[in-house]
Amino acid sequence: MILFFKIWVNITLVSYSDVLQGKIYPIPDYSKHNWSKTLKKSVGKGKLYKFPHDYANDYVQQQYLPTKLKDTKYYQPKLHNIYEKKLNEIYNWFTKK
């Protein structure tokens with residue numbers, strides 16, 4: 001649990017640094033107001049949003065970050081750590097990298 005907390009703190013600090021540097025951009029429209037499938041249909045904003053739970057292994061390839069940040073990597077696994085190495089393997093398997 002402590003390792004997860006450290007990872008979360010690091011990601012938060014790096015992303016907060018981006019905010020302080022003015023890297024604030026609009027998120028993709030399909031990511032807005034999609035709290036449920038019912039709301040998605042009624043609001044109509046989430047037409048292109050893909051619900052991960054509707055896909056195999058609860059994973060779907062979808063861009064969630066603003067376009068100007070889409071290639072930003074906030075999490076950099078430490079491959080000498082068994083836990084993070086396994087997370088990286090799972091991520092690579094899902095993304096076919």
Side-chain angles (χ1 to χ4, degrees):
M1 189 67 169
I2 292 173
L3 176 62
F4 176 75
F5 181 73
K6 286 181 179 181
I7 293 169
W8 177 81
V9 167
N10 186 50
I11 292 169
T12 302
L13 291 174
V14 172
S15 58
Y16 183 62
S17 173
D18 277 356
V19 170
L20 293 177
Q21 293 175 38
K23 296 180 183 179
I24 304 168
Y25 309 106
I27 61 171
D29 283 341
Y30 54 80
S31 292
K32 298 175 185 175
H33 310 294
N34 283 298
W35 301 291
S36 71
K37 290 182 183 182
T38 305
L39 184 61
K40 179 179 89 167
K41 290 176 186 172
S42 65
V43 173
K45 282 201 169 192
K47 291 178 185 170
L48 300 175
Y49 182 80
K50 299 175 185 174
F51 283 88
H53 299 291
D54 291 343
Y55 294 85
N57 298 312
D58 298 329
Y59 177 82
V60 65
Q61 190 79 28
Q62 178 114 39
Q63 179 183 325
Y64 298 102
L65 288 174
T67 300
K68 290 186 178 185
L69 295 176
K70 71 177 183 153
D71 296 322
T72 303
K73 302 291 183 210
Y74 288 105
Y75 171 65
Q76 300 293 330
K78 292 175 176 53
L79 300 179
H80 63 274
N81 178 292
I82 295 170
Y83 175 75
E84 290 190 55
K85 185 175 182 178
K86 186 64 176 176
L87 283 177
N88 192 57
E89 289 171 7
I90 292 168
Y91 172 79
N92 288 335
W93 182 81
F94 274 109
T95 58
K96 309 288 189 250
K97 291 185 179 180

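Because only heavy atoms are used, hydrogens play no part in the values below, and waters and symmetry mates are left out as well, while side chains stay in.
What you find for Pro66 and Pro26 is that their closest heavy atoms are CB-O, 3.2 Å. For the pair Lys50 and Gln61, the tightest heavy-atom approach, listed with the atom from each and the gap, is NZ-O, 4.0 Å. Contact between Glu84 and Pro77 at its shortest, heavy atoms only, is OE1-CA, 3.3 Å. Nearest approach of Ser15 to Tyr74, heavy atoms of both residues: CA-CE2, 3.5 Å. Annotation for Thr72 and Leu65: closest pair O-CD1, 4.1 Å, computed over non-hydrogen atoms.
Note that CG of Asn88 is 12.0 Å distant from NZ of Lys78, once rounded to the nearest 0.5 Å. Within the model, atoms OG1 of Thr95 and OH of Tyr59 stand 5.5 Å from one another, a figure rounded to the nearest 0.5 Å.
If you chain together hydrophobic residues whose side chains sit under 4.5 Å apart, Phe51 and Tyr55 fall into the same group. The cluster map of Ile, Leu, Val, Met, Phe, Trp and Tyr, joined by side-chain heavy atoms under 4.5 Å apart, puts Ile11 and Leu87 in the same cluster. Both Tyr25 and Val14 sit in one connected hydrophobic cluster of ILVMFWY residues. Membership requires side-chain heavy atoms under 4.5 Å apart, directly or through other members.
Other residues, nucleotides and ligands contribute over 12 non-hydrogen atoms within 6.0 Å of the CG atom of Leu79.
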